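Given the structure is predicted, the values throughout are model-derived calculations rather than measurements. In what follows, every chain begins at residue 1, and chains take the letters A, B, ... in the order their sequences are listed.
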Amino acid sequence: MNKNEKDWIDITSGVNVRKCMRCGKCSATCPSYDEMEYHPHQFVYMVEKGDIEPLLNSKSLYKCLTCFACVERCPRGVEPAKVIEAVRLTAVRKQGNNHLLPDQIPDMLDDDLPQQAIVTAFRKYTK
Amino acid sequence: MQRIGVFVCHCGTNIAATVDVKAVAEALSHEPGVVVSQDYQYMCSESGQELVKNAIKEHGLTGVVICSCSPRMHENTFRKAAASAGLNPYLVEIANIREQCSWIHKDIASATDKAIILGKAAVAKVHLNAPLTAGESPVVKRALVIGGGIAGIQTALDIAEAGFDVDIVEKEPTIGGKMAQIDKTFPTLDCAACILTPKMVEASQNEHITIHSFSEVSDVKGFVGNFTVTIKKKARYVDETKCTGCGLCTEKCPMKKVPNEFNMGLDNRTAVYIPFAQAVPKVATIDPNYCMMLKNGKCGVCSKVCSVGAIDYKQTDKFIEQKYGAIVVATGFNPIKLDKYDEFAYSCCPDVVTSLELERLMNAAGPNGGTLLRPSDKTHPHTIVFVQCVGSRCDDEKGKPYCSKICCMYTAKHAMLIREKYPDTEVYVFYIDVRTPGKNFDEFYRRAVEQYNVHYIKGMVGKVTPKADGKIDVQASDLLANEQLHINADMVVLAAAIEPDKTARPLATMLTTQMDTNDFFTEAHPKLRPVESATAGIFLSGACQGPKDIPETVAQASAAAAKAIGLLCKNSITCNPCVAHSDELMCNGCSACEKVCPYGAITYQDKEFRMPDRSTAIRRVASVNPAVCQGCGACTVACPSGAMDLNGFSNSQIMAEVDAICK
Amino acid sequence: MQVNENFEPVIVAFCCNWCSYAGADLSGTNRLNYPANVKIIRVPCSCRVNPMFILRAFQRGADGVIICGCHPGDCHYTSGNYFTRRRITLLYSMLDFLGIERNRTRLEWVSAAEGAKFAAVMNQFVEDVKKLGPNRRLEDLRCRKQ
Amino acid sequence: MLKISASNLNALFDRIAEKQTLYIPVDREPNVSEYKKYESGMTMSKALNTVRSAKDFFFPQTENLAEFKMSGKTIEVKDIRKENEDFVVFGVRACDARSFGILDKVFLSEPVDSFYKNRRDHGTIVTMACTRPAETCFCTTFGIDPTVPGGDVSVFFDGENYFFLDNTPKGEAFVASVSDLLENGDASKLAEVQENARNIMKKLPLAGLSTDSFGGERLMEHFNSDKWAELSESCFGCGTCTFVCPTCQCYDIRDFDTGNGIKRFRCWDSCMYSDFTKMAHGNSRNSQLERFRQRFMHKLVYFPANNDGEFGCVGCGRCLSKCPISMNIVKVMKALEDK
Amino acid sequence: MQEAMIKRAKELLADGTVNRVMGWKKGEFAYDTTPAVFETAEEIDREFVYNDFTQANQSKYLIKESRKEGKILALLKPCDTYSFNQLVKEHRIIRENVYVIGIPGGPKIDIEKIKAKGITGITNVKNEDFTLKIETIYGVETMPFYEAISVKCESCKSKKHVVYDELIGEDGDVLDSNRFDMVEKLENMTAQERYDFWRGELSRCIRCNACRNVCPACTCENCVFDNPKSGIDQKAAADSFEENMFHIIRAFHVAGRCTDCGECSRVCPQNIPLHLLNRKFIKDINCLYGEYQAGADTTSKAPLTDYRTDDCEPSVVHERGAE
């Protein structure tokens, strides 16, 4: 268990994971549930335990659409999407580089891609 | 000139080991006004008290200072001793030289010095003590119960049983409350109506009970033992004394499209109506929002068919004033509104219902005559999903932070009843935790699982989506299996959180009782005085104090009744004499004191005064009701004029203590 | 700041009857030490403490004044200590505004169960006041002990 | 006449302050002056007059009279009287200088107020002639010539030099003690300065004010005047006029329990206060009208009645500028005088 | 303005709406106006004045006046309306017995500021295009109008009339005032500096009680400082403690009730900036318990007779600003 990592996630997410009462409404509401190896409630639970390594190595990190349905519906105000975001950021920083570089973008650019998606991608895949 | 006696207790070695008690007695003997200063082994003992009593008589003492243990320990002991020797008990002061001196200090010199100073402070204070007499205030031997649900009914019956008159004020046309709407009760599954309606009848027939139905409390004045309450009897346009409850008017009324609140709006009633067959009083009421006669003067059918001439379209609200010695609040609860929970589709899908609606759907007197049918197409549901904790245990402003307590059990009841009656129906219950503390409660829940094969799934429903084929997609997570489920349901039942009735907050203001942030009434002490409010003479019964099931409600109702009876039994109440009082000549009537008084003990009066220049003037001045004041002293500091002072802890007394300590 | 070891401050503590006074009793029952400088005045509720009493204490030679009441929400009279909190906050703010040393005044919530807290608070307060030295800014010279 | 140049004035102050306590008016704010104990380097104010009057030096706002101590159950009385040290008040104006005559009549007539006398005996009053009176000045109404200010020593300023004229033996001693700093000078310009100031006095707005309508013989008429109601209507009953007044001499005697003994002190009191002369039965003057009337009747009628026609006002004008609602003795006189 | 007020006052007297008029009376000089009650049109014509020097807050007089026979006309400046409203709220003024006309307020001139320039022998003061032309027996002097504005008007909080039956002139707005600047400056000093500042100021107090007696919030039947039974009665500022005691307790008693009318500082013969003590409380209340303006209405709960369960602890005092 990496205590520093957990503290870092607590700070960057701004979420108090101990508020979770294990109702699972986040996972129940998640549209990407089937794509994920670890589900929103597991993110919260595992971060609380400090069991972060499996999360960092899981593709689940990048399956979250950040649709905020879980944030909206969580009865305790835990905001799982922010936890996932914080874990993702940890992963990005840990590897020392961005998953996406500005230079790569023109090649990847699809005319139909909405502006919002580019911004979202930057937010997700860069420091 | 004061004649003060000082009595220094050794408390065995408890005091004497660290405080030189002889030196304390010697030092205090030189204080002004002190005529006798003695020490003794155990001042609180029989012989110690004798010593004090004899000194009072022998020296004609006008004040007594006991240097001993904490006043919280023996203040009353010594006050009683003084009283038995003919000295007013409030002329006794205690200097706490044990808990606050000998026990905390090791050095004899400094502990002795401190004991002397504490003794001097007590002497300085006792110089200014005034003899106080506990006042008495008479008790009106009649109780008011606000709310006619099971809590109110039970309280009223118990008080009436003790022989006191009691009035029930119920805002609906009938008493019965939420319990009347419930089908069966857990954990015994007996019919709610079968156990409630006899009590309703009993209440209506008890000579000591007066039921004011379709009425509200509009004003409360007075204080414990002597409340004056104004009750507003809302116009029901039917003469209660004439109506026989035959129901002919309700049959003939042409206005038949009024949503029936008793059935949670699941069917309709007429504009003139009797809420349900066993209503008490069984009297019709005309709904002025729908009655065509009242709205535009055209119709009058009910008046024509009524053989006893009970219909009175000209009736108006009436106000009656009544005096009470005690008031019991039993305003109950309501399920919260679910319109903010879009994810459960409650507002857009008729087949998503609340648990209370399900009660009506399953009730023999309900809209479907007891057959469980989907409200949308009146077909039999084959898959029913129950969702727990809807709005309960919620951190956000949509819901309530507390556990509503009753949902786990009634959901188990519903699941069981459905599986019993319709074995072909699959029932799923999504829960966060199943909470079943209570006699036979967990056994009941386990029966639902084990015997009735109800599918209990740990996890919450995330989304409810009505589909084109009339089915409902319920997306939920099974946390134990770690999978997301999609259930193709026919009906969804939401266990909505419960909240205090909306009428409770304004009522609390009228009663000057405290409420918590959720609008539940606050009990005087959460452990030791659970059925009393902090305001004397106001008692709490049922769910107005917190979520409760029926057995708990009835238990609390009887407890509140017992407390009320305890009060009503007395002919008068002895008041704490250490209360605030206002010097009317100083008071400028600014109202600051009134605003900080937690008990509503302060009122204002216009009084005529002879002014220093010999003229007379009408001035607005505060007066404190000593029966209501509890003696906190908040008003004394709010008063800029220094007109408010507190008996036993007066400004001058406290300042004398300050002076003595700082000397 | 230099601490005068011989300086024994006069500390007046106003304690509400229901919580803090009982808390003080409890620290005695548990034999928890705190300095004898502290002298307690019992009041029914912390809201009984008039700013006049606090100033009076300083006038007459107190070097520190501390008020103790029930924790907010636990007031025996339901709301007294909430008023105390506002009044005393403003008063202390005014004393601060007039340049009176901050550590001479304090308000603490001590429940009837917090005997240990009572002793700890008093130990700390006496130490703080000792560091400040005698009250000179808010004393009445006429009352100074010769 | 002996003189000192304006530039040497501070040398004179330093010299005086070597031997006695010296008080001079200094500016607290521009043109707002108050008496301060002289310390080297202080500059004397150029303002016409101090906010508080010079009576403070002889009749201070509070002073201890005696002390008692309870020891055990007996009372020990401590006599705290002691001989005052010599002091000099410099720069007193003619109006304030005249006020001592009025205060003396009260405090030095039998029974003599020993506290006051002690201070009078040890205080030297050095006055300063006025050259630039203000619109609120009306000392001439009471026969005061502000260009000849009186006191133990009168000082005149001609724009360059200060000239000294001793009026009393105490004043003579004072001048002698500093004579080595003084030189003989030509006082010819002084007469012109004085004449100029007298001419200004005649032009002042209040120059026409007269005491003709007042005095002891008009007691009942003025007491019963129906003007008092209107005049006192806006009075808030504060003590500002009284406390800035150089002639008000009322005081209260109180005991203060210090915790270690009692200090008996006296402090100024004001007849405008609702608790003035409050006795066991209550207050003798219950309405603000009566209290207001008392103050002015005392100055204009009662005092002259008992003191050979001398009025209890010196026309310094302090109450005119300090009254919160601008009600003052001039307005009272104008309302009551014979038209 | 004066003409409009006189005209309206006479009309209201004539039609019987009121039987008295509260206004200001001319004095001996241009500047010494006195609050006065007028009963006839003749008196008004002869003596009524409203000019740059009519500063006095008249609301306190209305306590007594509103208890007399008949109705009185009060001409209230915006700042006076706050005091008036607060007194109505505290049941001191009987609102029904007062007919309120809102009149435009300052900025008013403080004659002391003119005199501080060394100008003396003043016979007349004229305001000509924001330049004061001061006629004296020593000749004519001029100074900019703004340099003579009274302290209370320099930091005016509002030009809005919070209560009136009718208005003469336009109603204004609540201003974004700089009134807390000096309080803030003091807060940023060290404790020693603050102590020295206040010693310098308060040591001048002569306990004339002008601040208290003029204060519209000080309306006790008998002030605790005059009442021997209170245990803290004082007649003199006998030493530094009593100066402090008087002014702290007075500020505390009016806390949450002070409308910041500035009269206390205006009337102080020793020019002690007493309003800073009151403003300190107002500022604290605003910061700690939410914006509150005493007198702005007659219904809201005053901050010291109210509370929130999540109010800050007194330790905030010890944790902010300089020590």
Report task. Identify the two heavy atoms, one from D/Pro133 and one from E/Ile137, that lie closest to each other, and give their separation to 0.1 Å. Result -> O-CD1, 4.3 Å

Query raised in the report: Looking at D/Val244, D/Asp27, D/Thr136, which has the largest count of heavy-atom pairs under 4.5 Å with chain E?
Result: D/Thr136

Query raised in the report: Going by an N to O cut-off under 4.0 Å, is there a salt bridge joining E/Lys113 and D/Glu29?
Result: no

Query - Salt-bridge present (D/Glu230, E/Lys25; N to O < 4.0 Å) - result: yes

**Report entry** Part of D/Thr240 within contact of chain E (heavy atom distance under 4.5 Å)
**Finding:** both

Query raised in the report: Is a donor on one side and an acceptor on the other found under 3.5 Å between the side chain of D/Arg254 and the backbone of E/Gln234?
Result: no

Query - D/Glu34 portion near chain E, given a 4.5 angstrom heavy-atom threshold - result: side chain

Query raised in the report: Side-chain contact, heavy-atom cut-off 4.5 Å: E/Phe29 with D/Leu320?
Result: yes

Query raised in the report: Based on non-hydrogen pairs under 4.5 Å, which of D/Met327, D/Lys203, D/Lys331 is most in contact with chain E?
Result: D/Lys331

Query - chain E interface, residue from D/Leu206, D/Ile325, D/Val330, D/Thr62 that has the most non-hydrogen pairs under 4.5 Å - result: D/Ile325

Query raised in the report: Most heavy-atom pairs under 4.5 angstrom with chain D, which of E/Cys268, E/Pro269, E/Cys211?
Result: E/Pro269

Query raised in the report: Do D/Tyr273 and E/Asp226 come close enough that some side-chain heavy atom pair is under 4.5 Å?
Result: no

Query raised in the report: Are E/Glu28 and D/Glu135 close enough that some pair of their side-chain heavy atoms sits under 4.5 Å apart?
Result: no

**Report entry** chain E contact via D/Glu233 - which portion, at a heavy-atom distance below 4.5 Å
**Finding:** both

Report task. Examine whether an atom of D/Lys334 lies under 4.5 Å from a heavy atom of chain E, and if so say whether it belongs to the side chain, the backbone or both; otherwise answer neither. Result -> side chain

Query raised in the report: Tell me, side chain or backbone of E/Glu242 under 4.5 Å from chain D's heavy atoms, or both, or neither?
Result: side chain

Query - E/Lys115 vs D/Asn31 side-chain heavy atoms within contact, under 4.5 Å - result: no

Query raised in the report: Tell me, side chain or backbone of D/Leu48 under 4.5 Å from chain E's heavy atoms, or both, or neither?
Result: neither

Query raised in the report: What part of D/Arg132 lies closer than 4.5 angstrom to a heavy atom of chain E: side chain, backbone, both or neither?
Result: both

Query raised in the report: Taking every heavy-atom pair that is under 4.5 Å apart, which of E/Thr33, E/Thr120, E/Asn227, E/Ile111 has the most such pairs with chain D?
Result: E/Thr120

**Report entry** D/Ser274 side, atom OG; E/Asn213 side, atom CG - distance, nearest 0.5 Å
**Finding:** 8.0 Å

Query raised in the report: Do the side chain of E/Thr34 and the main chain of D/Ser326 share a donor and acceptor less than 3.5 angstrom apart?
Result: yes

Query raised in the report: Side chain, backbone, both or neither: which part of D/Pro30 has a non-hydrogen atom closer than 4.5 Å to chain E?
Result: both

Query raised in the report: Under a 4.5 Å heavy-atom cut-off, does chain E meet the side chain of D/Ser321, its backbone, both or neither?
Result: both

**Report entry** D/Arg28 side chain vs E/Gln270 backbone, donor-acceptor pair below 3.5 Å
**Finding:** yes

Query raised in the report: Any idea which heavy atoms bring D/Phe236 and E/Lys60 closest together, and the distance?
Result: CE2-CD, 3.8 Å

Query raised in the report: Quick one: of E/Ala116, E/Ala36, E/Gly27, E/Ala56, who has the most non-hydrogen atom pairs under 4.5 Å with chain D?
Result: E/Ala116

Requested in this report: Would you mind telling me which of D/Ser234, D/Cys323, D/Cys241, D/Gly239 has the largest number of heavy-atom pairs within less than 4.5 Å of chain E?
Outcome: D/Ser234

Query raised in the report: For E/Ile206, does its backbone N or O pair with a side-chain atom of D/Gln61 as donor and acceptor, under 3.5 Å?
Result: yes

Query raised in the report: Would you say D/Val51 and E/Arg204 make side-chain contact, with heavy atoms under 4.5 Å?
Result: no

Report summary line: If one checks every heavy atom of D/Asp252 against chain E at 4.5 Å, the contacting part turns out to be side chain

